[in-house]
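Report on the following structure.
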2 protein chains.
Amino acid sequence: MPFAPDQHATTLLIRKLESIATLTDEERQALDSLPVRTHVLGARQDIVRDGDRPTHCCLVVEGWACRYKLLSQGKRQILSFHIAGDIPDLLSLHVPTMDHSLATVTSATVAFIPHESLHTLVARHPRLASLLWRDTLIDAAIFRAWMVGMGRRSAYERIGHLFCEMYVKLEAVGLAGDHCCPLPLTQVDLADALGLTPVHVNRVLQEMRRQALLELRSRKLVIQAWDELSAAAEFDPRYLQLGKRAA
Amino acid sequence: MPFAPDQHATTLLIRKLESIATLTDEERQALDSLPVRTHVLGARQDIVRDGDRPTHCCLVVEGWACRYKLLSQGKRQILSFHIAGDIPDLLSLHVPTMDHSLATVTSATVAFIPHESLHTLVARHPRLASLLWRDTLIDAAIFRAWMVGMGRRSAYERIGHLFCEMYVKLEAVGLAGDHCCPLPLTQVDLADALGLTPVHVNRVLQEMRRQALLELRSRKLVIQAWDELSAAAEFDPRYLQLGKRAA
DNA sequence: CGTGTAGTTGAAAAGTTTCAACACGAGTGG
DNA sequence: CCACTCGTGTTGAAACTTTTCAACTACACG
């Protein structure tokens, strides 16, 4: 690997922001000198918990993370999945107390950036502030897409939609191609993300396999019939705002 | 009315931001000189449509608005409700194309603020940028709360949760009190917001009335048993971040 | 007084959940 | 190397929540 881990984190962030807008040398420099601390975490570990008041934001460098909320009787709702380049708790910069938890899904490398340095950064570089603000707005757009799914789509369409979304997100950062991507989620995870039961997820997945729409084995997803799947799920990737970088 | 309509709009915005942080005279001045154009719209009118590229943001001055997304076969998902002081399409400032529509619910007064002036404003006043950014983050927190509801709560809990949320939001801006508030939504609106059918909403409402939890007649909601309703819905208002202004 | 929107009702159907059992593979300790 | 456990995936049958469809009521408005 050409970079030391900490440098890798800032490089990743710079690349992410440059996929949206061209940065000045000064801005790139400011991002690069962000004091990040990189950690390697095991799978299924909490990073920040509901009720915490974090002092750092967390940049996913490698692996998957998710946000989730626990309810009474052990019910769990997963709110989002995050991959390399995402800053899932960027919101803690302006909303002090977490209203949900953040955890790893797989073992993962994450970089912690102090709020303090981010506040200084955005105060000095308003355009970077806008870019990060925009990032939280895209986050919200993904929430809306999930809401539409949970409110108005069948289990079948919801599962299809999530698979399309994750594939496109992974492809955009070079982690997927050929309609094939990692999908390190158990059927329980999928159920908790989609508002279904694991049993039902299982049955719908079988149906999709029977129709030769996709294969899903050992945490690897192959979408064999992209057009049919994305049509069935009414998947329109525009909400992800990948315009500039998508092929 | 003590203010000309346009002035009323900026005053409302200033009051909203001052409920979170103390503003400097300069900031207040900058907000006050924002060139807003106030319009009175009828009920059920689109303000911005899915796919549009707005040039203005819309501040709700009076009345209710909602964001929604239309799917094939006439299915509709309402994504949020907005009341006085909200800027439902603030996101258009950084994400050019709308991925959903914005419409009035009741007849409403809305003030349009050009993107241009907002961009200038946030460039000159980074703290105002942060406050507006924060606003979009609270928006996202409400989305998450709705996701939890649609994913993991029963129809009964979902309806109760929405009523608690709207009551608290209205109370925070002085439009409700005594566990009594306007609720200008039809059962069809409720259904589309909660991911249910109107018929089912109707039956659950009857159940709630039978239990003397609430009254809902002629667009007026009275929550007769707040504690029971909010407990049944597991309503915890912290996600609304009303700390400083809530009683 | 008619027309239309909103709310209500009943019965049957559908989608999804629940519960309980079993299969399979990976990892662990004896 | 086996037995054991644990997490994950799979299956079946019954139950439940919610939907669907269709009809009907109530009320506001022009």
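Chain naming here is simple, since letters A, B, ... match the order of the sequence lines and numbering starts at 1 in each.
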Problem - Sole candidate of A:Arg153, A:Glu234, A:Arg158 that passes side-chain contact (heavy atoms from CB on, under 4.5 Å) when paired with A:Val148 - result: A:Arg153
Handout entry: Close side-chain approach of B:Leu214 to B:Leu229, heavy-atom, < 4.5 Å
Key = yes
Completion exercise
Of all heavy-atom pairs linking B:Thr186 and B:Arg44, the shortest is CG2-NH2, 4.0 Å
Exercise for the section: Walk along DNA chain D from 5' to 3' and tell me the first and last nucleotide with an atom closer than 4.0 Å to a non-hydrogen atom of chain B. Expected result: D:dT18 to D:dC21
Problem - A:Arg152 side-chain N/O to B:Lys75 backbone N/O, donor-acceptor pair under 3.5 Å - result: no
Problem - Separation of atom NZ in A:Lys75 from atom C1' in C:dT18, rounded to whole Å - result: 14 Å
Handout entry: B:Tyr156 and B:Glu207, any side-chain heavy atoms less than 4.5 Å apart
Key = yes
Handout entry: side chain to side chain contact (heavy atoms under 4.5 Å, CB included) between B:Arg238 and A:Thr97, intermediate numbers included
Key = CA-CA 9 Å; B:Arg238 270 177 298 182; A:Thr97 309; 5.7 Å; no
Fill in the blank from the handout: For A:Thr106 and A:Gly63 the tightest heavy-atom approach is OG1-CA, 3.4 Å
Practice task
To the nearest 10°, let me know how far the axis at one end of the helix from C:dC1-D:dG30 to C:dA26-D:dT5 is tilted from the axis at the other, five pairs an end.
Solution key: 40°
Exercise for the section: Summarise how protein sits on nucleotides 20-28 of chain C as a single string, 5' to 3': B when a protein heavy atom is under 4.0 Å from the base, S for sugar-phosphate-only contact, - for no contact. Expected result: ---------
Practice task
Please tell me if the side chains of A:Trp64 and A:Leu170 come closer than 4.5 Å, counting only heavy atoms from C-beta onward.
Solution key: yes
Handout entry: Contacting residues from residues 200-223 of chain B, given that a heavy atom lies under 4.0 angstrom of DNA chain D
Key = B:His200, B:Arg203
Problem - Side-chain ion pair, B:Arg67 and B:Asp99, N-O less than 4.0 Å - result: no
Exercise for the section: Strictly below 4.0 Å, heavy-atom distances to any atom of DNA chain D: list the hits from residues 181-198 of chain A, or just say none. Expected result: A:Thr186, A:Gln187
Exercise for the section: Check step by step if salt bridge (Lys or Arg N to Asp or Glu O under 4.0 Å) holds for B:Asp86 and B:Lys16. Expected result: CA-CA 9 Å; B:Asp86 289 346; B:Lys16 165 140 185 168; 3.0 Å; yes
Fill in the blank from the handout: Residue set satisfying salt bridge (charged side-chain N to carboxylate O under 4.0 Å, His left out) with A:Arg209, at least two apart, ordered chain then number -> none
Practice task
Would you confirm whether A:Thr104, through its side chain, and A:Ser107, through its main-chain N or O, come within 3.5 Å as a donor-acceptor pair?
Solution key: no
